[in-house]
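Nothing here was measured: the structure is a model prediction, and the numbers come from that model. Numbering of ligands and ligand atoms starts at 1, following listing order.
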Amino acid sequence: MSNKLEKAREYELKKEKTIPEEQRPLFHLTPRCGWMNDPNGFSRYNGEYHLFYQYYPYETVWGPMHWGHAVSSDLITWRYLPAALAPDEEYDGAGCFSGSAIETEDGKHMLVYTGVQKKEDENGEIHEYQTQCIAIGDGENYTKYENNPVIRADQLPEGAGIYDFRDPKVWKEDGKYYLVVGNKTEDKDGQILQYVSEDGINWKFEKVVIKNNHRFGVMWECPDYFELDEKQLLLTSPQDMLPEELEFHNGNGTLCVIGSFDKDGNFCEENCQAIDYGIDFYAPQTILAPDGRRLMIGWMQNWDTCGIRRDDFPWFGQMSFPREISLSNNKLIQRPAREIENYYGKRISRQNVLISDSASLSSIEGRCIDMNVRVRSTETDLSYNKFEIRFADNGKAYSTIEYDPTQNIVKIDRKHSGSRRAIVHQRRCKVANNKGEINLRLILDRYSMELFINDGEQVMSMVVLTDVKAEGISFRCQGELLMDVTMHELERA
Ligand code: FRU
């Protein structure tokens, strides 16, 4: 083991002990200490789920990337394992960037990641060069392959840029290994490249899977590519997006391209949409669970909103709650992984509650809950023009979810949650016109809110860092409406 990895392992072990449990979310994964960004190497190995993450253990800011590591049997309760990778080789000295993992034919766990190296070019300018590398291990300790990198700049197709070439996602099919990887072309546009290998070590460029053609942002990061409900899906996280109405927002976004293969196996696009319509979600990765479900986890944060932080926390960054994904009418549907039900505590349910101004229902409160709220008009015509759920409320700080049935817009808002930074605190999302009827399912953990609208047709996620003692929940409306609410407290065994 290199000194760098040994030092990281010793450091995280010590530092972790200084972080009280209550300072972390109850069931969203945070870094063992320090900084976390993208999920990496989301895979099954030795009967468990493995999740690695972009990791800088020493500070709560981004630094030379390591890979942190955690395992779980149910995707909710995680156990930390020692850091898996440190930037300790010439080819990855500036960082072990995002990647994926797979079990090899001979039962080993193989990590495929991007190595970043800083080098001076012939004009004396310093550039970061990105290549694809592998490390092979037993689920805890990994050895970098002696002949890394396994995919270099000279294996790029014509027109591909040599600097931005990262985030390989590997899979196995018909006895071969394949991977897709993000690339920024020479003319500054995103594209996803596919490579193929017989042994996982010797890779050959196969094709360009998809080109952005200057539509969604610039560089496309963290691709994932798989079959779902008889369609083919490509997920990616574009940088430098321009907004399109309420579908895509400025900055770092997420994109799901739904398509199918033509007779030559080329990907043909049918529909493009955002993955998450909230504020904090990026770089998701999926896995096929043993029972056939496609599960997705993203970084519940966004590069543009890293300014929302608690200086008293020795960790930064958390993963989203795992989501089951499927398709309906060629649109992405996301639901919280059903494993959440094993964490249900007290259940409270109220039906047909008439709301006509503001209401707090006795016992509906909490910061770790799964709550389903369904509202409808009291008459055939719209009987209300605004509905609001306030949560994480202590009388001073609070956050809201607002539904405007006249415009079919849901808005999330953390402007009053206690943040002192001028960053994005609100986001709006266009939803289906259901004539005043809407279903809002909230997963609240200590420091986040994930909203699943209309049974997963849209999801809006945001970090909320209000003091955990702010547990108030209330409902308001302009006009009157009927509401059904069912809430489960979430608890650990
Ligand atoms: C996405 C990303 C990846 C890269 C990693 C670096 O959030 O920029 O493209 O591999 O983060 O930490």
Undergrad: Looking at atom 8 (O) of ligand 1, what's its closest protein heavy atom, distance included?
TA: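 Minimum-distance protein heavy atom for atom 8 (O) of ligand 1 reads Glu221 OE2, 2.8 Å.
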Undergrad: Are any of the N/O atoms in Asp38 less than 3.5 Å from those in ligand 1?
TA: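 In this structure, Asp38 places an N or O atom under 3.5 Å from an N or O of ligand 1.
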Undergrad: Is Thr466 reaching over with its side chain to a backbone N or O of Ser417, donor-acceptor style, under 3.5 angstrom?
TA: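 Yes; judged by distance alone, with no hydrogens or angles, the pair exists.
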Undergrad: Is the closest heavy-atom distance from Trp299 to ligand 1 below 4.0 Å?
TA: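 So Trp299 does not count as touching ligand 1.
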Undergrad: Under 4.0 Å from any heavy atom of Tyr282, which atoms of ligand 1 are there?
TA: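 Counting atoms of ligand 1 from 1, those under 4.0 Å from Tyr282 are 1 (C), 7 (O).
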Undergrad: Taking a cutoff of less than 4.0 Å between a non-hydrogen atom of the residue and any ligand atom, is Asp167 in contact with ligand 1?
TA: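 Yes; Asp167 lies near enough to ligand 1 that a heavy-atom distance drops under 4.0 Å.
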Undergrad: Aromatic contact between Phe42 and His50, with the criterion being ring centroids under 6.0 Å apart: yes or no?
TA: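 No.
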Undergrad: Looking at Tyr91 versus Tyr129, is the centre-to-centre ring distance below 6.0 Å?
TA: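 No, the ring centres sit 6.0 Å or more apart.
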Undergrad: Mind checking whether Leu179 and Val112 have side chains closer than 4.5 Å, heavy atoms only?
TA: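 Yes; the side chains approach each other to less than 4.5 Å.
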Undergrad: Centre of Phe226's six-membered ring, under 6.0 Å away, within 45 degrees of the axis: is that where NZ or CZ of Arg294 sits?
TA: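 Output yes; distance and angle both within limits.
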Undergrad: Which of the numbered atoms in ligand 1 are below 4.0 angstrom from a heavy atom of Ser98?
TA: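 Numbered from 1, ligand 1 contributes 5 (C), 10 (O).
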Undergrad: Would you mind running through ligand 1 and noting each atom that sits below 4.0 Å from a heavy atom of Met65?
TA: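 Under 4.0 Å from Met65, ligand 1 has these atoms: 12 (O).
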Undergrad: In terms of heavy-atom contacts, does NZ of Lys118 have more than 12 from other residues, nucleotides or ligands at under 6.0 Å?
TA: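 Atom NZ in Lys118 is not packed in, count stays at 12 or less.
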Undergrad: Tell me if the centroids of the rings in Tyr178 and Tyr195 come within less than 6.0 Å of each other.
TA: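 So the answer is no for these two rings.
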Undergrad: Looking only at protein heavy atoms, which one is nearest to atom 12 (O) of ligand 1, and how far off is it?
TA: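 For atom 12 (O) of ligand 1, the nearest protein heavy atom comes out as Gln54 OE1, 2.7 Å.
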Undergrad: Indicate yes or no: does an N/O atom of Asn37 lie under 3.5 Å from an N/O atom of ligand 1?
TA: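 Between Asn37 and ligand 1, an N or O pair is found under 3.5 Å apart.
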